[in-house]
Amino acid sequence: MTRTESAKDTGDGFEDWLRARLPERGLRSKGAAVLEVLLTQPRRASFATSAELATLAGVNIATVTRTAQALGFTGWPALQQELRARYLSALSAPEVAAEHRPTGAPATASLRRDLDSVALLTRRLDPAAVRRIAEAIAGARHTVVVADGSYAATGLAFAHNARLAGYDVTAATSGPAHLANAVSALTDRDVLIAISFWRLYQSTVLAAQEAHARGTRVFALTDAASPALADAADEVLLIPAEGVAFFPSLTAGMAAVQAVVAELAALDPDRTRHAIEAAEAQWDRFGVLHRSPRPRERLAAPSHRPRPGGDGSADAASPHAAGPQ
């Protein structure tokens with residue numbers, strides 16, 4: 001695929017995506033009416049409730065739910081999440097900014113959107129999928145995390161914490177030469193994590209394709225995978241990334257990678273403990289951190305001898321019973 005090929009040319013168009021999800025027998029007439037609204041009014045559908053969509057299609061809410069399920073989703077909210085991500089991914093940055101004109105304080109709107117996104121991620125992220133990624137990293141010779149632009153922040157945090165947990169994980173975030181060199185060394189014993197949102201970085205998709213061709217296991221973390229990225233990935237984690245301005249939010253993405261690393265650290269607690277202790281020793285040797293941990297104190301075992309009272313028992317009622325005498 002060349003850089004000049006459009007979404008339509010590569011089957012990454014909005015209509016192509018929806019029609020590819022149709023069941024072999026197609027949809028019944030009422031379900032087809034819902035599909036028609038999704039295809040002809042993607043903006044309205046992307047922001048509509050199930051009741052509003054039902055009104056637009058001239059059907060009831062149950063039909064909207066059944067249509068979403070026929071397209072492979074658990075219901076309308078799950079379909080709408082990816083529908084909206086794909087609608088926004090077809091817009092330019094100025095157009096995205098025009099879609100997001102929050103009423104009230106933008107800062108408050110941003111925080112609320114992030115809270116909603118993390119809540120949505122919590123409800124829909126499959127713990128078994130997170131564990132599969134962690135196990136793949138644990139069993140790999142080497143793992144490369146690919147993330148570009150602002151998404152590099154997510155990739156760097158992922159690689160940094162996974163490495164501290166005791167695993168050979170590096171982030172390829174320093175440009176095309178670094179990425180090309182990292183991909184060239186991949187084998188079928190390695191793992192590649194591709195992180196990209198909104199319109200997706202071409203370099204990230206290409207890295208996933210090249211890694212897949214080398215037999216490397218590929219996992220994608222995105223809000224809406226293109227066919228090229230989905231085909232290259234062993235598994236795709238869908239993560240909400242919509243913000244309230246012209247840029248995607250990385251909050252849910254950061255939460256997702258922290259969940260993977262938490263799972264990774266729990267796979268072999270002894271390995272992670274030794275790795276953290278070794279890192280802590282080097283932090284101290286290099287004077288890395290501004291604050292040092294407090295020295296561990298040897299606590300004396302509490303005495304259980306009764307303090308003489310009127311009857312020889314401990315005087316529990318005394319305000320000085322636990323303090324110096």
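Worth saying up front: this structure is predicted, and the values here are computed from it rather than measured.
- Here the closest non-hydrogen pair linking Met254 and Thr154 is CE-CA, 3.9 Å.
- Of the inter-residue distances, the one linking Ile61 atom CD1 with Trp76 atom CH2 reads 12.0 Å to the nearest 0.5 angstrom.
- Thr55 contributes a side-chain N or O that, together with a main-chain N or O of Ala51, makes up a donor-acceptor pair within less than 3.5 Å.
- The heavy-atom pair separating Val260 from Phe158 by the smallest distance is CG1-CZ, 3.7 Å.
- The closest side-chain heavy-atom distance from Pro77 to Arg124 is below 4.5 Å.
- Under the 4.5 Å side-chain contact rule for hydrophobic residues, Val218 and Tyr151 do not share a cluster.
- Cluster membership check: Leu91 shares its hydrophobic cluster with Trp17, using side-chain heavy-atom separations under 4.5 Å among Ile, Leu, Val, Met, Phe, Trp and Tyr.
- With respect to Glu99 and Arg43, a salt bridge is recorded, a charged nitrogen being found less than 4.0 Å from a carboxylate O.
- Taking both residues in full, the closest heavy atoms of Leu250 and Ser150 are given as CD1-O, 3.2 Å, listed atom of the first, atom of the second, then distance.
- At distances below 3.5 Å, not a single donor-acceptor pair connects side-chain atoms of Ser110 with backbone N or O atoms of Pro106.
- At a threshold of 4.5 Å between non-hydrogen side-chain atoms, the residues Tyr167 and Asp268 count as touching.
- Under the 4.5 Å side-chain criterion, counting only non-hydrogen atoms from C-beta, Arg44 is in contact with Leu56.
- The backbone N or O of Asn181 lies less than 3.5 Å from a partner atom in the side chain of Ser184, making a donor-acceptor pair.
- Linking Ile, Leu, Val, Met, Phe, Trp and Tyr whenever their side-chain heavy atoms come within less than 4.5 Å puts Val59 and Leu18 in one cluster.
- Side-chain N or O atoms of Ser89 include none that pairs as donor or acceptor with a backbone N or O of Arg199 at under 3.5 Å.
- A salt bridge links Asp270 to Arg273: one of the charged nitrogens lies within less than 4.0 Å of a carboxylate oxygen.
- Closest approach of Glu235 and Ala129 over heavy atoms only: OE2-CB, 3.4 Å.
- A heavy-atom distance below 4.5 Å is found between the side chains of Leu35 and Leu22.
- Side-chain contact between Glu263 and Ile133 is absent, with no heavy atoms from C-beta onward closer than 4.5 Å.
- Looking at Glu95 and Ser92, their side chains do bring a donor and an acceptor atom within 3.5 Å of each other.
- More than 12 heavy-atom neighbours from other residues, nucleotides or ligands sit within 6.0 angstrom of CZ on Arg21.
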**Request:** Could you give me the CA-CA distance, side-chain angles and deciding distance for Glu82 and Arg86, then say whether salt bridge (Lys or Arg N to Asp or Glu O under 4.0 Å) is met?
**Result:** CA-CA 6 Å; Glu82 190 164 353; Arg86 288 181 177 276; 3.1 Å; yes

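- Here the straight-line distance linking atom CG of Leu221 with atom OG1 of Thr204 works out to 11.5 Å at 0.5 Å rounding.
- Contact annotation: the side chain of Asp188 never approaches that of Thr216 to less than 4.5 Å [non-hydrogen atoms, C-beta and beyond].
- Under the 4.5 Å side-chain criterion, counting only non-hydrogen atoms from C-beta, Leu115 is not in contact with Thr251.
- Of all non-hydrogen atoms in Glu242 and Ser117, the two that sit nearest each other are O-OG, 4.2 Å.
- Ile195 CD1 to Thr222 OG1: the interatomic distance, rounded to the nearest 0.5 Å, is 10.0 Å.
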**Request:** Could you walk me through whether Val34 and Arg66 pass the side chain to side chain contact (heavy atoms under 4.5 Å, CB included) test, one step at a time?
**Result:** CA-CA 10 Å; Val34 174; Arg66 286 194 295 270; over 6 Å; no

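- Residues satisfying the side-chain contact (heavy atoms from CB on, under 4.5 Å) criterion with Glu36, sequence neighbours excluded, are Thr40.
- Residues Leu192 and Val261 fall into different hydrophobic clusters, defined by Ile, Leu, Val, Met, Phe, Trp and Tyr side chains chained together at heavy-atom separations under 4.5 Å.
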**Request:** Would you sort out whether Thr143 and Thr170 count as a side chain to side chain contact (heavy atoms under 4.5 Å, CB included), showing the intermediate values?
**Result:** CA-CA 6 Å; Thr143 297; Thr170 58; over 6 Å; no

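- At distances below 3.5 Å, not a single donor-acceptor pair connects side-chain atoms of Thr63 with backbone N or O atoms of Lys30.
- Arg141 CZ: more than 12 foreign heavy atoms inside a 6.0 Å radius.
- At a threshold of 4.5 Å between non-hydrogen side-chain atoms, the residues Phe247 and Trp198 do not count as touching.
- Taken together through direct or relayed side-chain contacts under 4.5 Å among Ile, Leu, Val, Met, Phe, Trp and Tyr, Val183 and Val145 form parts of separate hydrophobic clusters.
- Using a distance-only test at 3.5 Å, with no hydrogens or angles considered, a donor-acceptor pair links the side chain of His142 to the main chain of Asp168.
- Between atom CG of residue Leu229 and atom OG of residue Ser196 there is a gap of 8.0 Å, rounded to the nearest 0.5 Å.
- Shortest non-hydrogen contact noted between Ala109 and Val244 is O-CG1, 3.7 Å.
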**Request:** Start with the C-alpha gap between Val37 and Leu39, add the side-chain angles, then the distance that decides, and say whether side chain to side chain contact (heavy atoms under 4.5 Å, CB included) holds.
**Result:** CA-CA 5 Å; Val37 172; Leu39 291 172; over 6 Å; no

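- A donor and an acceptor atom, one from each side chain of Thr187 and Asp190, are located under 3.5 Å apart.
- Note that CG of Leu120 and CD1 of Ile239 are 11.0 Å apart. Values are rounded to the nearest 0.5 Å.
- For the atom pair CG (Leu53) and CD (Gln80), the distance works out to 8.5 Å, reported to the nearest 0.5 Å.
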